[in-house]
Amino acid sequence: MTTSTNGKFDRKPLIAGNWKMNMDHVQGITLLQKLAWTLSDARHDYSRVETAVFPPFTDLRGVQTLVQGDKLKLVYGGQDLSPEDEGAYTGDISGAFLAKLGCAYVLVGHSERRSIHGETDELLNRKVKAAYRNNLTPVLCAGEGLEIRQAGTHVDHTLNQVRAGTVGLTSEQVCELVVAYEPVWAIGTGEVAGPQDAQEMCAAIRAELGELFDADSAAKVRLLYGGSVKAANVAAILRERDVDGVLVGGASLDAAEFANIVRFEKHLLTA
Ligand SMILES: O=C[C@H](O)COP(=O)(O)O
């Protein structure tokens, strides 16, 4: 990523697949092999787009072995991490362990963690800091539910989550940050926020980070959209100025579909 003009084209697109609690360690390897094979068969230019997968914790060792052994040009990350690095925290996974497995990224505050596990903004801020402490790039997820969208307070709601998640960060850390805007009403429902909705929120998040930190750092943050992304709608979303990538759930479980999302540039002309 260059920093010459701080515009969209200086931010490398990030196409991220969140497998959620799907794919055991055997299925995960098969999926990743199919994905790598499909991308190589299509002579995909890996230098233009960063591709990341977020498998379940139990898949990560196998993913590491495959990625390193076959020199795949893919990165991977955890779906969550503990705010602590070690100790008596039964069931938690340390960011240090994820880093040791070669993870580059970690999701923080996915809406399913917020709603099902009751994760608070304060906890998520500690998780963001734990990620940086362990040299992992956090993908901080934020977004509103349907009622908030219908009430028209979705921008305030989402910006509050971003503000709370980034408390205490340095400008240098913010330059590396990834924020995923995921309207909850669009996750797994087939409902997609329109490209303009994604742009509205991503522009608001970038402006807010500019106020909280500085404009140069905010211009480097990569902002993703997530919610029923498919090969058929990805190009229109990624044409928007402030949308730098996508966080894909269901469609990332199908290697051919996800590969088509990764190759979104070939759909740009027709979007
Ligand atoms: O992390 C991914 C998001 O929750 C989107 O999931 P989805 O693509 O299945 O709607």
Side-chain angles (χ1 to χ4, degrees), residues 12 14-29 31-33 35-36 50-114 116-117 119-142 165-166 168-170 172-180 182 221-222 224 226 245-249 252-253 258:
K12 193 171 195 174
L14 173 58
I15 308 297
N18 175 13
W19 296 356
K20 307 194 179 186
M21 199 174 74
N22 297 292
M23 302 286 151
D24 64 31
H25 72 285
V26 178
Q27 296 168 320
I29 292 303
L31 174 60
L32 197 56
Q33 281 171 326
L35 176 63
E50 186 174 26
T51 306
V53 292
F54 293 82
F57 289 133
T58 48
D59 296 15
L60 285 172
R61 177 64 174 145
V63 166
Q64 178 192 34
T65 303
L66 182 61
V67 168
Q68 292 182 353
D70 288 6
K71 296 188 171 46
L72 302 184
K73 292 180 186 138
L74 302 163
V75 293
Y76 51 92
Q79 296 177 11
D80 182 36
L81 83 170
S82 169
E84 308 293 341
D85 292 345
E86 64 178 352
Y89 302 100
T90 302
D92 284 1
I93 298 291
S94 164
F97 302 166
L98 297 177
K100 190 113 184 187
L101 282 167
C103 289
Y105 291 98
V106 64
L107 301 182
V108 177
H110 189 280
S111 64
E112 288 147 18
R113 302 290 316 173
R114 291 177 187 265
I116 301 169
H117 297 274
E119 296 195 354
T120 62
D121 285 327
E122 186 273 332
L123 172 67
L124 298 175
N125 179 241
R126 291 172 57 218
K127 291 188 176 196
V128 166
K129 289 173 177 162
Y132 282 116
R133 202 163 58 234
N134 289 292
N135 297 316
L136 299 165
T137 298
V139 179
L140 175 64
C141 304
T166 55
L169 299 189
T170 64
E172 290 70 30
Q173 288 174 324
V174 168
C175 291
E176 300 299 321
L177 181 69
V178 179
V179 178
E182 297 207 310
V221 175
R222 284 185 294 173
L224 316 185
V246 285
L247 182 55
V248 185
S252 72
L253 302 176
F258 190 60

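The two residues Asp85 and Ala130 come nearest to each other via the heavy atoms OD1-CB, 4.5 Å. For the pair Tyr132 and Glu176, the tightest heavy-atom approach, listed with the atom from each and the gap, is OH-C, 4.2 Å. In this structure, Ala131 and Val106 approach most closely via the heavy-atom pair CB-CG1, 3.7 Å. Contact detail for Gly17 and Ser252: the closest heavy-atom pair is CA-CB, 3.5 Å.
Between Leu31 and Trp19 the shortest side-chain heavy-atom distance falls below 4.5 Å. Two residues are said to be in side-chain contact when any heavy atoms from C-beta on lie closer than 4.5 Å; Phe57 and Leu98 meet this criterion. In this structure the side chain of Leu124 reaches within 4.5 angstrom of the side chain of Arg114, judged on heavy atoms. In this structure the side chain of Pro83 reaches within 4.5 angstrom of the side chain of Leu123, judged on heavy atoms. In this structure, Phe97 and Asn134 have side chains that are not in contact, with every pair of non-hydrogen atoms separated by 4.5 Å or more. Put simply, the side chain of Lys129 reaches to within 4.5 Å of the side chain of Leu169, judged on heavy atoms. Residues Leu32 and Asp59 form no side-chain contact, since every pair of their non-hydrogen atoms from C-beta on lies 4.5 Å or further apart. Under the 4.5 Å side-chain criterion, counting only non-hydrogen atoms from C-beta, Thr166 is not in contact with Val179.
Residue Arg133 holds its CZ atom at 8.5 Å from CG of Leu81, rounded to the nearest 0.5 Å. Interatomic distance, CD of Glu112 versus CG of Leu107, reported as 10.0 Å (0.5 Å rounding). In this structure, CG in Leu247 is found 6.5 Å from CG in Leu224, a value given to the nearest 0.5 Å. We find the CE-CG distance between Met23 and Leu253 to be 4.5 Å, quoted to the nearest 0.5 Å.
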Let me check something: any side-chain donor-acceptor pairs from residues 71-80 under 3.5 Å, sequence neighbours excluded? List them with distances.
| residue | atom | partner | partner atom | Å |
| --- | --- | --- | --- | --- |
| Tyr76 | OH | Leu101 | O | 2.6 |
| Gln79 | NE2 | Lys20 | O | 2.9 |
| Gln79 | NE2 | Phe54 | O | 2.9 |
| Gln79 | NE2 | Pro55 | O | 3.4 |
| Asp80 | OD1 | Lys127 | NZ | 2.8 |
| Asp80 | OD2 | Arg113 | NH2 | 3.3 |
| Asp80 | OD2 | Lys127 | NZ | 3.4 |

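Applying the side-chain contact (heavy atoms from CB on, under 4.5 Å) rule to Ala99 yields the partners Leu136; only residues at least two apart in sequence or on another chain are considered.
Side-chain N or O atoms of Tyr105 include none that pairs as donor or acceptor with a backbone N or O of Ala52 at under 3.5 Å. At least one donor-acceptor pair under 3.5 Å links the side chain of Gln27 to the backbone N or O of Asp24. For the pair His117 (side chain) and Glu119 (backbone), a donor-acceptor distance under 3.5 Å is absent.
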Apply the test side chain to side chain contact (heavy atoms under 4.5 Å, CB included) to residues His110 and Cys141: give CA-CA distance (whole Å), side-chain angles for both, the deciding distance (0.1 Å), then the verdict. CA-CA 5 Å; His110 189 280; Cys141 304; 4.3 Å; yes

